[in-house]
Colleague: 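Encoded as C-alpha cells, here's the structure I'll be asking about.
All chains are named by letter (A, B, ...) in the order of the sequence lines, taking the proteins before the strands, and each is independently numbered beginning at 1. Computed from a predicted structure; not experimentally measured.
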There are 2 protein chains.
Amino acid sequence: MKVSTPLAERFPDAVFAAGCPSRTVLDHVMSKWGLLVLLSLGDGEPLRWSELRRRAEGVSEKMLAQTLRTLVADGFVLRDARPVVPPHVEYSLTPRGLELAALLNPLMVWVVDNAPEILEDAASA
Amino acid sequence: MKVSTPLAERFPDAVFAAGCPSRTVLDHVMSKWGLLVLLSLGDGEPLRWSELRRRAEGVSEKMLAQTLRTLVADGFVLRDARPVVPPHVEYSLTPRGLELAALLNPLMVWVVDNAPEILEDAASA
DNA sequence: AGTGGGTACTAACCAACGGGAAGTATGCCG
DNA sequence: CGGCATACTTCCCGTTGGTTAGTACCCACT
C-alpha cells in the first residue's frame with residue numbers, strides 16, 4: 001500500500017546516501033531553529049531581529065544569529081541592512097525560501113493538530 | 001504576497017510558543033535520523049533492523065535504536081518482534097506514520113532536487 | 001557633559017547530546 | 001565446543017548547542 005512514490009523513483013536502491021548534498025540542506029532546514037525561522041518568515045512579510053526572537057520563542061541570540069547566517073548563505077533568506085543608527089536590519093524569504101516554506105507549512109499544520117494526541121500516547125506508553 | 005496561510009490562523013499572535021506540544025513532536029520527527037527512518041519506511045513496506053541501517057546510511061546502531069524507540073512511543077512506527085532465534089523484528093508505519101510520511105515526501109523531493117544548486121550558492125557566498 | 005538605553009550582534013565557557021566501538025543474549029551449525 | 005548471526009545496550013569522548021556577558025554605535029534625557 002503506497003501513498004505516493006516519487007521518492008522511490010529517485011532512489012532506485014532505496015538508500016539515502018551519506019554523502020548526498022541533500023543531507024547538508026536537510027540539516028540546515030530541518031534544524032530546530034531553522035524550521036521555526038523559516039515558518040516565522042513564511043507569510044512573506046519581512047521581519048526584524050527582535051521580532052524573530054519573539055516569534056521563535058526560546059531561541060538564544062547566538063542560535064538566531066547562526067541560524068540566520070546559514071539560511072542566508074543557502075539562499076533561503078535575504079538580509080537587508082540599512083546603514084542607519086540605531087541599526088535596522090530586515091530579514092525576508094527569497095523566492096527559494098518561499099517555495100520551501102510552502103512545503104513546510106502543511107507539515108507544521110499537521111504537527112500542531114496532532115501533537116497533543118501524539119504526546120498523550122507517548123506518555124501512556 | 002502570501003503563499004498559504006492556515007498557519008497564521010492557528011497562531012494569531014504569530015508566535016511559536018516554547019511550551020507548545022508541537023515542539024516536542026517536531027524535535028522527534030524532524031531530527032536527522034527520525035526523518036530518514038520515516039522516509040525509509042514511507043512506501044509502507046515493513047523493514048528489518050539491518051535494512052533500516054542500510055537505507056539510512058551513516059546511522060549508528062545506538063542512534064537507530066534511540067530513534068526507533070521514540071518513533072514507536074509517539075505512535076508513528078509499529079514494532080513487530082517475533083520470538084524466534086535469531087531474533088526477527090519488523091518495523092512498519094502506523095496509519096499516523098503514513099499520514100506524516102505523505103507530508104514529508106514532497107519536502108524531501110524538493111530538497112533533493114534543489115540541494116546541488118543551494119550548496120553551490122552557499123559555497124560561492 | 002555624562003550616562004543610560006536600544007539594536008544587532010560576537011566571545012567565552014560549560015553542559016548535554018550524538019557518534020564510534022565494543023559488549024550482550026540466544027541458539028544453530030560446523 | 002566455538003564461531004556466527006540478529007537486535008540491541010553500554011561506555012567514552014568530541015562536537016554541538018545553550019547561557020551569560022560583552023561590544024559598537026548614537027540618541028535622548030538629566
Side-chain angles (χ1 to χ4, degrees), chain A residues 16-20 23-38 40-41 45-74 77-92 125, chain B residues 16-20 23-38 40-41 45-74 77-92 125:
Chain A
F16 301 108
C20 180
R23 289 288 184 102
T24 309
V25 176
L26 243 24
D27 280 352
H28 295 175
V29 157
M30 308 298 266
S31 74
K32 182 172 179 177
W33 302 119
L35 185 70
L36 256 22
V37 167
L38 253 4
S40 296
L41 256 10
E45 298 296 316
L47 294 179
R48 302 185 59 183
W49 172 273
S50 49
E51 184 61 18
L52 281 170
R53 279 216 71 189
R54 213 164 327 118
R55 299 216 187 184
E57 199 182 287
V59 69
S60 69
E61 303 203 327
K62 174 188 153 188
M63 277 300 104
L64 181 55
Q66 198 175 105
T67 302
L68 283 171
R69 240 181 289 126
T70 69
L71 291 179
V72 168
D74 287 347
V77 169
L78 184 72
R79 181 179 186 276
D80 176 23
R82 324 259 175 90
V84 297
V85 174
H88 186 101
V89 184
E90 288 193 345
Y91 296 94
S92 55
Chain B
F16 300 108
C20 179
R23 289 287 184 102
T24 308
V25 176
L26 242 25
D27 280 352
H28 296 175
V29 157
M30 309 298 266
S31 75
K32 183 172 178 177
W33 302 120
L35 186 69
L36 256 23
V37 167
L38 253 4
S40 296
L41 256 10
E45 297 298 316
L47 294 179
R48 302 185 60 183
W49 171 274
S50 50
E51 184 60 19
L52 280 170
R53 281 216 68 187
R54 213 165 326 121
R55 300 217 186 184
E57 200 182 285
V59 69
S60 69
E61 304 203 327
K62 173 188 154 186
M63 277 299 104
L64 181 55
Q66 200 174 106
T67 303
L68 284 171
R69 241 180 289 128
T70 69
L71 291 180
V72 168
D74 287 347
V77 170
L78 185 72
R79 182 178 185 275
D80 176 24
R82 324 260 175 90
V84 296
V85 175
H88 186 100
V89 184
E90 287 192 347
Y91 295 94
S92 56

Colleague: Mind calculating the distance between CZ (A:R82) and P (C:dT7) to the nearest angstrom?
Modeller: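 Rounded to the whole Å, the gap is 15 Å.
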Colleague: Quickly work out the B:K32 NZ to C:dC17 P distance and round it to whole Å.
Modeller: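 Distance check: B:K32 NZ to C:dC17 P gives 17 Å.
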Colleague: Could you check how far CG of A:L68 sits from C1' of C:dT10, rounded to whole Å?
Modeller: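 Atom-to-atom, A:L68 to C:dT10, this comes out as 14 Å.
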Colleague: Establish, with yes or no, whether the OP1 or OP2 oxygen of D:dG18 is under 4.0 angstrom from a side-chain nitrogen or oxygen of A:W33.
Modeller: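 A:W33 to D:dG18 OP1/OP2: side-chain N or O found under 4.0 Å.
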Colleague: How far apart are the C-alpha atoms of B:L68 and B:L52, what are their side-chain angles, what is the distance that settles it, and do they pass the side-chain contact (heavy atoms from CB on, under 4.5 Å) test?
Modeller: CA-CA 10 Å; B:L68 284 171; B:L52 280 170; 4.1 Å; yes
Colleague: Using 0.5 Å steps for rounding, measure from the OG atom of A:S40 to the CZ atom of A:R54.
Modeller: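 The distance works out to 11.0 Å.
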Colleague: If each of A:P87 and A:Q66 is mapped to the nucleotide of DNA chain D with the nearest heavy atom, which maps nearer the 5' terminus, i.e. the 5' end?
Modeller: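 On the 5' side of the pair lies A:Q66.
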Colleague: CZ of B:R53 versus P of C:dG19: gap in Å, rounded?
Modeller: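 Atom CZ in B:R53 sits about 11 Å away from atom P in C:dG19.
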Colleague: In whole angstrom, what separates B:E51's CD from D:dT6's C1'?
Modeller: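 Atom CD in B:E51 sits about 14 Å away from atom C1' in D:dT6.
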Colleague: Taking all atoms of both residues into account, what is the closest heavy-atom pair of B:V59 and B:L64, and its distance?
Modeller: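 In terms of heavy atoms, the two residues are closest at CG2-N, 3.7 Å.
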Colleague: What's B:R79 touching, base or sugar-phosphate or nothing? Going by heavy atoms closer than 4.0 Å.
Modeller: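 Sugar-phosphate, backbone atoms only, no base.
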Colleague: Taking the side chain as every heavy atom from C-beta outward, state whether A:K32 and B:D27 have any pair of such atoms under 4.5 Å apart.
Modeller: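 Yes, close enough: below the 4.5 Å cut-off.
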Colleague: Using whole Å, what does the distance between atom P of nucleotide C:dT7 and atom CD of A:E90 come to?
Modeller: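 Rounded to the whole Å, the gap is 14 Å.
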Colleague: Relative to the 5' end of DNA chain C, which residue comes earlier, A:R69 or B:V59, by the nucleotide with the nearest heavy atom?
Modeller: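 Result of the comparison: A:R69.
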Colleague: State which of C:dA8, D:dT6, C:dG20 makes the closest approach to the side chain of B:P86.
Modeller: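 The answer is D:dT6.
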Colleague: Think B:R48 has a side-chain N or O under 4.0 angstrom from the OP1 or OP2 of D:dT6?
Modeller: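 Answer is no, no contact under 4.0 Å.
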Colleague: Take atom NZ of A:K62 and atom P of C:dA12, then tell me their distance rounded to the nearest Å.
Modeller: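 My rounded result for the distance is 12 Å.
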Colleague: Within a strict 4.5 Å, meaning less than it, do heavy atoms of the A:E90 and A:R82 side chains meet?
Modeller: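 Side-chain contact under 4.5 Å: yes.
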Colleague: Using atom CG of B:D80 as one end and atom C1' of D:dA7 as the other, report the distance to the nearest whole Å.
Modeller: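 For the pair B:D80 CG and D:dA7 C1', the rounded distance is 14 Å.
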